[in-house]
Amino acid sequence: MRIIFDTDSAVFNDDAAALAMLLQRRDLVEILGVTVVAGNHTVPQGAEHMLHLLELTGADAVPLYLGADAPLVNTPARAARQEAQWGPITFKGAFDAGPEVLPPHGGRIAATRPRETTAVSFIIETIEKYPDEVTLVAVGPMTNLATAFRRRPDLAGRVKSLVFMGGNARVRGNVTPAAEFNIWFDPEAAAAVLTAPIPRIVMFGLDITNHAPIRKTQFDAIVAIDTPLTRLMRHDMGPRFERDPDATYYVWDCITAAWLIDPSVVTVSERLPIEVDTTFGPSYGGTRVSEEPQAEDRLVEVMLDLDIEKFYGMYEDLLTR
Ligand code: RIB
Ligand code: CA
């Protein structure tokens, strides 16, 4: 499977752990490139986290490309207006970040640097190079993908599939009652991508990712095995478990990675007409199952439940190798 890993990066918890899991199965998954988009972090900060991870796992030959540093329409000012009118947004990611770039764990900026090509150009060139073969794995806002397809609409039909973490079909959101973070950060991009003629779209929304949070039991089992990766995990995730042994971490993007490696981890899915709400209002960025689907509406494979023990087993195994 040839993939482009499109990520809003993060400390170890989620995007980085998902990439680490995939890097352990390079017999199954060929990572053609990592493309960074603004979301959890600004692009320069997110890139440093990912470059650090690539070096730590000996995968620094995997190229990394810098992508869109802002959503298509959403802005910090709009987010402030949304909050003032319709209530809190519990996480605003890069909208709350300053321009400074902090070195990742270890205090060192990675020696490997991003490639000169932009993420959008890389996505376009890669689909052209491998028509009908590329799986786009989107675990952040979809700004890079929307920009690529806006520039080259003909290429949406030439990817193999889009597998994304984001949205909420039948459960409430995680940043507002209506919306999940990745879609809320750039709803217009998500709406454009999810209506593009991509042959297969698979959604890992909160419906499934809510089911398998990581608790101290799994964390302790992993960090008991000392590797450079588990040291990073201990640094990034340990303090919260020290403060609160009952804490939970959602590892949204890791569930997407687990399915790419072993699809049998998902036990329930449905093909549903998914819509993104792009109206600036309390439900901005929410996703929902269309109540009046039209015959021509495209269906998204919405993943709904998983074999939790199998997932925990994969997570522990892949992150301690
Ligand atoms: O809502 C969860 C998603 O937002 C995850 O992809 C997380 O990494 C953040 O991007
Ligand atoms: Ca993410």
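What's counted below: heavy atoms across the whole structure, side chains too, no hydrogens, waters or symmetry copies. Each ligand, and each atom within it, is numbered from 1 in the order the structure gives.
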Query - Side-chain heavy-atom pair R2, T135 within 4.5 angstrom cut-off - result: no
**Report entry** For the student: nearest non-hydrogen atoms of L102 and Q45, plus distance
**Finding:** N-OE1, 2.8 Å
Report task. Hey, could you give me the CG/CZ distance between N74 and F95, rounded to the nearest 0.5 Å? Result -> 4.0 Å
Query raised in the report: If you take all heavy atoms of L229 and A20, which pair is closest and at what distance?
Result: CD2-CB, 3.9 Å
Query raised in the report: Do H41 and D8 get their side chains close enough for a donor-acceptor pair, meaning under 3.5 Å?
Result: no
Query - Distance-only N or O hit between ligand 1 and G140, under 3.5 Å - result: no
Query raised in the report: Side chain or backbone of N40 under 4.0 Å from ligand 1, or both, or neither, by non-hydrogen atoms?
Result: side chain
Query raised in the report: So which protein heavy atom does atom 4 (O) of ligand 1 come closest to, and at what separation?
Result: N182 OD1, 3.1 Å
Report summary line: What one should report as the nearest heavy-atom pair of Y65 and A119 is CB-CA, 3.6 Å
Report summary line: Among non-hydrogen protein atoms, atom 10 (O) of ligand 1 lies closest to D8 OD2, 2.5 Å
Requested in this report: Provide, to 0.1 Å, the distance between atom 7 (C) of ligand 1 and the closest protein heavy atom, together with that atom's residue and name.
Outcome: D14 OD2, 2.7 Å
**Report entry** Output field: ring centroids F280/W86 closer than 6.0 Å
**Finding:** yes
Query - Basic-acidic side-chain contact under 4.0 Å: E133, K160 - result: no
Report task. Give the residue, atom name and distance (to 0.1 Å) of the protein heavy atom nearest atom 6 (O) of ligand 1. Result -> D253 OD1, 2.6 Å
Query raised in the report: Quick check: does V139 put an N/O/S atom under 3.0 Å from the Ca ion (ligand 2)?
Result: yes
Report summary line: Per-atom filter on ligand 1: closer than 4.0 angstrom to a heavy atom of D15 are 8 (O)
Requested in this report: Starting from atom 3 (C) of ligand 1, locate the nearest protein heavy atom and write down its residue, its atom name and how far away it is, to 0.1 Å.
Outcome: E180 OE2, 3.3 Å
Query raised in the report: Just which atoms of ligand 1 are under 4.0 Å from any heavy atom in M165?
Result: 2 (C), 3 (C), 5 (C), 6 (O)
Query raised in the report: Does the shortest distance from the Ca ion (ligand 2) to an N/O/S atom of D253 fall below 3.0 Å?
Result: yes
Query raised in the report: For the rings on F204 and W252, is their centre-to-centre separation under 6.0 Å?
Result: no
Report summary line: Quick look: N174 vs ligand 1, heavy-atom contacts under 4.0 Å, and the answer is side chain
Query raised in the report: Any N/O of W252 closer than 3.5 Å to an N/O of ligand 1?
Result: no
Report task. Heavy-atom distances under 4.0 Å are what count here, so tell me which part of T209 touches ligand 1: side chain, backbone, both or neither. Result -> neither
Report summary line: All heavy atoms of M237 vs all of F219, minimum pair found to be CB-CE1, 3.8 Å
Report task. Looking only at N, O or S atoms, find the one in D8 nearest to the Ca ion (ligand 2) and name it. Result -> OD1
